[in-house]
Amino acid sequence: MSEYAIRTYELTKRFGSTTSVDGLNLEIKTGSITALVGPNGAGKSTTIKMLLGLVKPTSGRAEVVGYDPVKEPVKVQSKIGYIPETQSLYGHMTADDLLRFCSRLHSRWDAEFVDEYISRLGLPRNKRIKELSKGMKTQLHLIAELAHHPDVLILDEPFNGLDPINTRYFIEALLDEVGQRGQTVLIATHLLFQVERIADTVCLMNRGKLVMSRPIDEIKLNEKKVKIAFQVDPPEHLFTLPGVVGVERQGRRCVFHVSDRLEEVVAELRKVPHFAVEIVDLNLEDVFMEYALNGRKGRYALDRCRSGDDGLHRDGDGPHRGDVRQ
Amino acid sequence: MMMVLYLKELREVRRKMIIALLISAFVGASLPPMFDMFKRTIEMIADISWAESLRQQVEAQAADFELYLWSNWYGKNLPQIIFVFAAILAGPMLAGERASGTFQFLLTKPVSRTQVFLSKYAAGATAIAVISIGGTVAALVAADLSGKPVDTLWFLAPQAAQILGGLCFLSLSLLFSALIDDSVTAGVAAVGAGVALMVADSVGPVRGRLIFGMMAESRSFTAGVPNPVPLLVLAAVAAIVGYAALAVFCRRDV
């Protein structure tokens, strides 16, 4: 089996004049649970649809379990399971009808697995799908997608509309299966606290580009904020130190967002006369906000910082990198 | 694999097919008993000067039951039922699945888009054949019961042309369904295109030479066997338009 279950090479999709995905180079390791996160319109769903062969790339290419979804879509589809963002099951079918239909489309189908999960989750077999609750539909869909034991499972906002109990059931069923078979899972989601529970790697997209791809442990270890109050105007070179991905400034008080080389950065900062230095851990949500906002306002904030401006709410359009969050 | 998809499609079209079959059977069965009423109506308008041209047009039908049945069933009623049914059936076939999101489920299963398209086409073709043959059999039975029996084989001769004409409308409707995202708009566009063809077929230099005209198979009324030329033309049109629909469907993003 290849080291990577999913790879993309300069994958790009344009809809008219809008670039939804822009030269994406994504690598998802086989057996990993990867979260694809990013703000609305970041290009997550379009990327997933290109991986599935539902949307054709404008340029670049993708490889899923070794096959190109454009040239060999059926080979890709025989090895993947997919739960889309929106409800997509046939409402007129019963759960039994749907599972029977799926079983005939897949060459490997585990009927015992289906029976076990249907009874474990208490899903009604003979009720029409349109009469099921959102949670039941999602669970049924998960069973239908897991029953052929796909090599790769792709989930697009799977927790949307699920209450905490159903979300827990969903995650338990997912982790049970993945734990037993070592499948690769790609989850696109906004719910970062769930990502921290289940994913081992995070890929962050913004404006169609991949802005970060890191194991969660590494993020927790390396992604920090360094708050420092200088006694003098800070020299320009501090803002472009290797490892510094963003700076917020209020006069001589600065907050450096560091994603790497923390010790080197702190040592460099300490060389400038200062009152206090504080290193703050970031959770995934903080990191997400940093990168997402950095994509929108980062240049602005950094430019203001360099020109000595404080960068606070100058354009009056809501929070941005100039805001100092405590 | 194709059979699984075909059965799923057939299941989805069955309600529309049953309704269309009932309408087709009702219209077909009502033609023979209405022949006498038709004759009396022609006699009644004999003295009305402004209805002279209409009388001349249908006088031959009033004198010949077989001509009456053939002209009305194969020349008007059945092609119209088939065309409207094809538009209502196939208009939402692709657009509906795209709009409801079910394509995201179906097209991520290990089936090719060509298989999905062909299964839909086959289900539509089956439904058209059922309503065409079902309505015609109802007309034959009603003719028998009305005491005006007609030769069964002779009367069934235009079935191939009717079904192939139906496939032309099916292909056209699927083309609109592949191009347009909204299923209602796709259906309306298909009906509009069919009506335009119908109008073009009833006036002007191409009168009786387009799809509706070829479906009527007027030459086989006297010959008693199907005329191969309209069959070949209808098959070619259905195949070309159907291929265009498939190409659009395969190319479009979901």
Side-chain angles (χ1 to χ4, degrees), chain A residues 13-15 20 45-46 48-58 64 67 69-70 72-94 97-98 100-109 129-130 137 140-141 144-145 148 150 152-156, chain B residues 1-19 88-89 92-120 122-124 127 177-183 246-254:
Chain A
K13 181 65 185 179
R14 291 191 194 93
F15 296 101
S20 181
S45 293
T46 307
I48 282 178
K49 285 182 177 180
M50 285 193 280
L51 296 177
L52 296 161
L54 293 175
V55 168
K56 291 183 176 58
T58 308
V64 181
Y67 300 109
V70 175
E72 297 171 294
V74 178
K75 282 184 178 165
V76 171
Q77 286 149 6
S78 67
K79 291 180 180 295
I80 54 117
Y82 169 56
I83 299 184
E85 190 175 5
T86 49
Q87 210 301 108
S88 66
L89 301 177
Y90 291 101
H92 63 83
M93 290 186 181
T94 64
D97 291 338
L98 182 89
R100 203 176 306 121
F101 176 64
C102 292
S103 71
R104 289 170 184 166
L105 295 178
H106 288 286
S107 54
R108 47 178 183 180
W109 184 261
I129 290 169
K130 64 182 171 193
K137 283 177 194 165
L140 175 63
H141 204 157
E145 297 302 326
H148 65 101
V152 177
L153 189 62
I154 298 178
L155 313 169
D156 192 357
Chain B
M1 198 74 83
M2 276 291 289
M3 185 53 73
V4 178
L5 294 172
Y6 171 71
L7 291 175
K8 173 229 164 222
E9 297 302 333
L10 210 53
R11 186 181 162 164
E12 284 176 8
V13 302
R14 72 182 192 277
R15 279 199 190 131
K16 286 178 187 170
M17 182 173 74
I18 289 168
I19 291 168
I88 292 173
L89 179 82
M93 260 184 174
L94 303 172
E97 288 228 39
R98 196 182 299 112
S100 67
T102 48
F103 261 158
Q104 294 194 49
F105 174 77
L106 185 62
L107 297 179
T108 50
K109 299 287 160 287
V111 291
S112 69
R113 290 199 188 194
T114 304
Q115 286 176 315
V116 170
F117 182 88
L118 291 179
S119 66
K120 287 181 183 291
S177 193
L179 285 167
I180 300 169
D181 285 345
D182 179 62
S183 56
L246 171 64
V248 172
F249 174 58
C250 288
R251 201 166 297 162
R252 281 205 66 184
D253 291 338
V254 175

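Heavy-atom basis, side chains included; hydrogens, waters and symmetry copies ignored.
Separating the CG atom in A:L52 from the CG atom in B:L107 is a distance of 10.5 Å, to the nearest 0.5 Å. The CZ atom of A:R100 lies 15.5 Å from the NZ atom of B:K8; values are rounded to the nearest 0.5 Å. Here CD of B:E12 is found 6.0 Å from CE of A:M93. Values are rounded to the nearest 0.5 Å. Atom CZ of residue B:R11 and atom CZ of residue A:F101 lie 10.5 Å apart, to the nearest 0.5 angstrom. In this structure, CD in B:Q104 is found 11.0 Å from CG in A:L89, a value given to the nearest 0.5 Å. Interatomic distance, B:C250 SG to A:K56 NZ, rounded to the nearest 0.5 Å: 7.0 Å.
For A:H141, the part lying near chain B is the side chain, with the backbone staying farther off; criterion is any non-hydrogen pair under 4.5 Å. Using a 4.5 Å cut-off between heavy atoms, B:R252 touches chain A through its backbone atoms (N, CA, C, O) alone. Neither the backbone nor the side chain of B:Q115 comes within contact range of chain A; no heavy atoms are under 4.5 Å apart. Looking at B:T108, the atoms closer than 4.5 Å to chain A (heavy atoms on both sides) sit in the backbone and in the side chain alike. Proximity to chain B is absent for every atom of A:L51, based on heavy atoms less than 4.5 angstrom apart.
Looking only at side-chain heavy atoms (C-beta outward), B:D253 and A:K49 stay at 4.5 Å or farther from each other. At least one side-chain heavy atom of A:C102 sits less than 4.5 Å from a side-chain heavy atom of B:F105.
Highest contact tally toward chain A, considering only B:L5, B:T102, B:L7, B:V254, is held by B:T102 [criterion: heavy-atom pairs under 4.5 Å]. Considering only heavy-atom pairs separated by less than 4.5 Å from chain B, the leading option among A:V74, A:V76, A:L54 is A:L54. Contact count against chain A (heavy-atom pairs under 4.5 Å) is highest for B:P110 among B:P110, B:S112, B:G101.
Dense packing is recorded around CZ of A:R108, with more than 12 heavy atoms of other residues, nucleotides or ligands lying under 6.0 Å away.
Closest of all the heavy-atom pairs between A:R104 and B:V4 is CB-CG2, 3.6 Å.
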